[in-house]
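Some notes on the structure that comes next.
In what follows, every heavy atom counts, from backbone to side chain, and hydrogens, waters and symmetry copies are set aside. Every number for a ligand or one of its atoms is a count from 1 in the order of the listing.
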Amino acid sequence: MSKTTALVLAAGKGTRMRSRLAKVLHPLCGRPMVGWVLTACADAGLDPVVVVGHQADAVREALGGVPTVLQSEQRGTGHAVQCAVSALPREGTLVVLAGDTPRLRGETLSALVARHEETGARCTVLTMPCSPEDAYGRIVRDADGGVLRIVEAANATPEELAITEANSGTYAFDAAWLIDEVLPTLKPHPPKDELYLTDAIEAAAGQLEALRHPDAGELMGVNDRQALHEAECALQERINADWRQAGVSIRGPAYIDAEVELAEDVTLHPGVVLRGATRIASGCVVYSYSVLESAVLEQDARVGPFARLREGTVVGRDARIGNFVETKKAILGEGVKAGHLSYLGDAEIGADTNIGAGTITCNYDGYAKHKTSIGERAFIGSNTALVAPVSVGDDTLVGAGSTITQSVPDDALAIGRGRQKVFEGRATDMKKKLKERSGK
Ligand code: UD1
Ligand code: CA
């Protein structure tokens, strides 16, 4: 049996976001808004088709390979579905939902489809509780509780605005009925002459079901930045709660992107930020205010506080990255220690090597990036500048304050700095001169 299709409406500009970026591309926990909706579709086993329009190319790119149809002019949710007809199946159930409901869960979609197919209705609309100030369409029922129609907030009377049940914008339709009998009949509404999909609901009266969902938060539509923020906070809570269930200690606020992967017995201290495709193995501890961007930590590594690990960083087993250390494309072997104040970029560092405080890989010459490689069990003295391309061998010792511009062979001692001069008995004399010069 073929899968049920879900048509995701994502062509709108989202004017109230006041943004250069199309609304459905705004990220929540590192995933674009429409990506959350597609994840819910996938969780429910639905096959998505996305209606794109505003910034269509950018939206298509963010969707990867998901099939799309173009609504070149955005003339309302009903018009968006009309534009998609050629890409839709003409039998069975068709789910239609909006690209701006990022908190919607797959299980809720599954329940909607199940109810729709159980009753054999022409349309089943998912509804939610609302308050008078909400901008959602209101569900108008008759005296017996049957759903009659949906009235948009902008067109509603004060009595209708007082209705406490709203349209979530998520529906299951009898595909043939919607496509053949309803879409061709939609009429434009003032003030913008849009075609409302909600009119299809009225057309189904008598064979119309409503599934009440108690959690309005999960079904919220994001139309402005405040709602975006509220949705992101809620999704972050969901992500963190799921990781706690999976054996991760999250000891305070933590910002964890949707694509991050954490193993059991990872501990995150307050204020940790984990972005992109960060992967953390078991036993690792990330201390406060560390930011990891697509970084990999192997077992029992410890990072921070105040560390910044950028993309392409791999921290080996039992390795230790301390405060104010920045890494980028840096592969650090097992047991490496970089405790303080370093920049390690385009670097490969062998097992058990110690990187002294203030060590910098000078990877950029103003035109190109160059690589630094350091062997195993090396000891790099504090405040060393490694001018790449350069390599430092196994078991080496580099004196503090060195500027290393030539490769250092295995087991060598390398010192590259000015020699210290000492002038005995000259301090008092010098201080006197300096004082006179200052006029104090
Ligand atoms: C819509 C519903 C409203 C419901 C609310 C739930 C209609 C007329 N109204 O209102 O009853 O309570 O969702 O959140 O459907 N879109 C297109 N093409 C268009 C217009 C919109 O693809 O021409 C897309 C948008 O990108 C968006 C979705 O459809 O993802 C919903 O559009 P939006 O303008 O946000 O509708 P609401 O006013 O929120
Ligand atoms: Ca909306």
### Query
Hey, looking at atom 19 (C) of ligand 1, which of Gly76, Gly53, Ala11, Gly12 has the closest heavy atom?
Gly76
### Task
Only heavy atoms count here, so choose which of Thr101, Ile201, Asp100 is nearest to atom 35 (O) of ligand 1.
Asp100
### Task
Walk me through it: do Glu326 and Arg310 pass the test salt bridge (charged side-chain N to carboxylate O under 4.0 Å, His left out)?
CA-CA 7 Å; Glu326 176 184 354; Arg310 294 163 55 197; 2.6 Å; yes
### Of the listed options Gln71, Arg75, Arg16, Gln74, closest to atom 17 (C) of ligand 1 (non-hydrogen atoms)
Gln71
### Message
Is it the case that atom CZ in Phe306 sees more than 12 heavy atoms from other parts of the structure closer than 6.0 Å?
### Response
yes
### Query
Should the heavy atoms of other residues, nucleotides or ligands under 6.0 Å from CD of Glu264 be counted, would the total exceed 12?
no
### Query
Within 4.0 Å of atom 39 (O) of ligand 1 (strictly less), any protein heavy atom?
yes
### Query
Glu152 near ligand 1, heavy-atom distance under 4.0 Å?
yes
### Task
Tell me which protein heavy atom sits closest to atom 13 (O) of ligand 1, plus the residue, atom name and distance to 0.1 Å.
Gly169 CA, 4.5 Å
### Message
Would Ala166 count as a contact residue for ligand 1, given that I'm defining contact as a non-hydrogen atom of the residue lying under 4.0 Å from a ligand atom?
### Response
no
### Task
Go through the steps for Glu348 and Lys371 under the test salt bridge (charged side-chain N to carboxylate O under 4.0 Å, His left out), then give the verdict.
CA-CA 8 Å; Glu348 199 162 337; Lys371 194 174 160 183; 2.8 Å; yes
### Task
Look up atom 11 (O) of ligand 1 and tell me if a protein heavy atom lies less than 4.0 Å from it?
yes
#### Entry: Residue-atom pairs from the protein, N, O or S only, that lie under 3.0 Å from the Ca ion (ligand 2)
Asp100 OD2, Asn223 OD1
### Query
Is the closest heavy-atom distance from Leu197 to ligand 1 below 4.0 Å?
no
#### Entry: Sub-4.0 Å heavy-atom approach of Glu73 to ligand 1
no
Which pairs would a plain distance check flag for residues 194-213, meaning a side-chain donor or acceptor within less than 3.5 Å of a matching protein atom at least two apart in sequence or in another chain?
residue : atom : partner : partner atom : Å
Asp199  : OD1  : His189  : NE2          : 3.3
Asp199  : OD2  : His189  : NE2          : 2.6
His213  : NE2  : Glu218  : OE1          : 2.9

#### Entry: From the candidates Leu9, Asn167, Val81, the one that places a heavy atom nearest atom 5 (C) of ligand 1
Asn167
